Amino acid sequence: MSTKILMVCLGNICRSPLAEGILKGKVDTDSVLVDSAGTANYHIGKQPDPRSIAVAKKHGIDISMQRCRQFTAEDFKRFDHIFAMDKDNYANIIALAQDDREKQKVKLLLHQLPTEDQEVPDPYYGGDDGFEHVYQLIDMACEQLAEELNLKHTV
Ligand code: 4NP
């Protein structure tokens, strides 16, 4: 594995499972490891939210095999890049970093998109259209990320 990428949200059942599935679909998974985690412990061991599974399926991606886990300080050692869905997640991750090198691994997933606040909004308490919006934001970000980190399929 040459590059290891971790997607992080709050619950690891809505946004980061989508980010994991979407990025995996854009890169060579023999050489790029993509995983996801949540800063909270509410849903450990659970499948992604049915609304995330459904919106991914609509776009041809199966995320139903994923299981929720919590972010830990060990993840700074295992991963090269850690992408937070929003600023709260970012702050919670940074709070666990031991030094500047670990802090520098953390970015907002939307850091390179010209959106107003560079956050993927939490869709948990909203309707299904929120999940489609989140899908589109994450898909755009992952497309740019795959370019930026030179992870795209070569064939
Ligand atoms: P996620 O969404 O952070 O995108 O997985 C949420 C999932 C669960 C909760 C909040 C946000 N919750 O409060 O249980």
Side-chain angles (χ1 to χ4, degrees), residues 3-27 29 32-97 102-146 148-149 151:
T3 309
K4 301 186 188 72
I5 295 175
L6 184 65
M7 301 295 193
V8 183
C9 60
L10 174 64
N12 190 213
I13 56 167
C14 297
R15 292 165 291 178
S16 58
L18 277 175
E20 176 185 334
I22 291 170
L23 187 62
K24 277 180 174 164
K26 295 182 189 292
V27 302
T29 50
V32 183
L33 176 77
V34 186
D35 191 14
S36 65
T39 56
N41 64 0
Y42 317 137
H43 302 284
I44 292 172
K46 287 200 201 145
Q47 262 197 319
D49 187 286
R51 296 165 295 176
S52 278
I53 293 177
V55 79
K57 192 174 174 194
K58 185 179 140 200
H59 292 279
I61 296 171
D62 181 9
I63 63 166
S64 64
M65 80 300 287
Q66 293 185 29
R67 294 295 178 272
C68 172
R69 74 168 179 90
Q70 190 171 19
F71 180 85
T72 76
E74 262 307 294
D75 288 315
F76 287 111
K77 315 246 177 304
R78 287 181 55 212
F79 291 91
D80 305 305
H81 302 280
I82 297 168
F83 291 105
M85 298 299 129
D86 66 36
K87 290 172 187 168
D88 281 349
N89 313 146
Y90 179 87
N92 289 332
I93 298 164
I94 289 286
L96 295 174
E102 292 189 350
K103 285 182 187 165
Q104 280 160 15
K105 292 184 175 190
V106 191
K107 290 194 175 86
L108 285 172
L109 178 66
L110 301 191
H111 70 278
Q112 77 289 54
L113 288 188
T115 57
E116 214 169 276
D117 56 9
Q118 301 196 318
E119 297 194 288
V120 181
D122 181 349
Y124 188 64
Y125 293 106
D128 289 348
D129 55 342
F131 282 75
E132 178 61 32
H133 177 58
V134 158
Y135 183 95
Q136 294 299 338
L137 283 175
I138 294 174
D139 187 58
M140 269 190 285
C142 287
E143 190 63 30
Q144 292 201 6
L145 198 63
E148 186 182 317
L149 299 178
L151 306 174

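The structure presented is a predicted model; accordingly, all values stated were derived computationally and were not measured. Numbering of ligands and ligand atoms starts at 1, following listing order.
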Exercise for the section: Output the distance between atom CD1 (Ile5) and atom NZ (Lys24), rounded to the nearest 0.5 Å. Expected result: 11.5 Å
Exercise for the section: Go through His111 and Gln144 one step at a time and tell me if the side-chain contact (heavy atoms from CB on, under 4.5 Å) criterion holds. Expected result: CA-CA 10 Å; His111 70 278; Gln144 292 201 6; over 6 Å; no
Problem - Per-atom contacts, ligand 1 versus Ile13 - under 4.0 Å to a heavy atom - result: 5 (O), 7 (C), 8 (C)
Practice task
Look only at the side chain of Lys103 and the backbone of Ala97, and say whether a donor-acceptor pair between them is shorter than 3.5 Å.
Solution key: no
Problem - salt_bridge(Lys26, Glu143) N-O dist < 4.0 Å - result: yes
Exercise for the section: Can you sort out which atoms of ligand 1 are near Asp122, meaning under 4.0 Å from one of its heavy atoms? Expected result: 2 (O), 6 (C), 10 (C), 11 (C)
Practice task
Count the heavy atoms belonging to other residues, nucleotides or ligands that lie under 6.0 Å from NZ of Lys87, then report whether that count exceeds 12.
Solution key: yes
Exercise for the section: Taking only heavy atoms of Tyr125 into account, list the atoms of ligand 1 that are under 4.0 Å away from them. Expected result: 13 (O)
Practice task
Could you tell me whether Asp128 and Lys58 have a side-chain N and a carboxylate O separated by less than 4.0 Å?
Solution key: no
Exercise for the section: Using a 4.0 Å heavy-atom threshold (strictly under), name the region of Asn12 that reaches ligand 1: side chain, backbone, both or neither. Expected result: backbone
Handout entry: Enumerated ligand 1 atoms positioned under 4.0 Å from heavy atoms of Cys14
Key = 1 (P), 2 (O), 4 (O), 5 (O)
Practice task
Look only at interatomic distance and state if Leu10 has a nitrogen or oxygen under 3.5 Å from any nitrogen or oxygen of ligand 1.
Solution key: yes
Problem - Under 3.5 Å: donor-acceptor pair, side chain of Arg69, backbone of Asn12 - result: no
Exercise for the section: Before signing off on this row, confirm whether Cys9 and ligand 1 have an N or O atom pair separated by under 3.5 Å. Expected result: no
Practice task
For the pair Glu102 (side chain) and Phe76 (backbone), establish whether a donor and an acceptor sit closer than 3.5 Å, ignoring hydrogens and angles.
Solution key: no
Practice task
Quick one: look up the protein heavy atom nearest atom 4 (O) of ligand 1 and list residue, atom name and how far away it is.
Solution key: Arg15 NE, 2.7 Å
Practice task
Starting from atom 12 (N) of ligand 1, locate the nearest protein heavy atom and write down its residue, its atom name and how far away it is, to 0.1 Å.
Solution key: Tyr124 CE2, 3.5 Å
Practice task
Could you tell me whether His43 approaches ligand 1 through its side chain, its backbone, both or neither, with non-hydrogen atoms closer than 4.0 Å?
Solution key: side chain
Exercise for the section: Using distance alone, determine whether Ser16 and ligand 1 share an N or O pair under 3.5 Å. Expected result: no
Practice task
Please work out whether any backbone atom (N, CA, C, O) or any side-chain heavy atom from C-beta onward of Phe131 is under 4.0 Å from ligand 1, and answer side chain, backbone, both or neither.
Solution key: neither
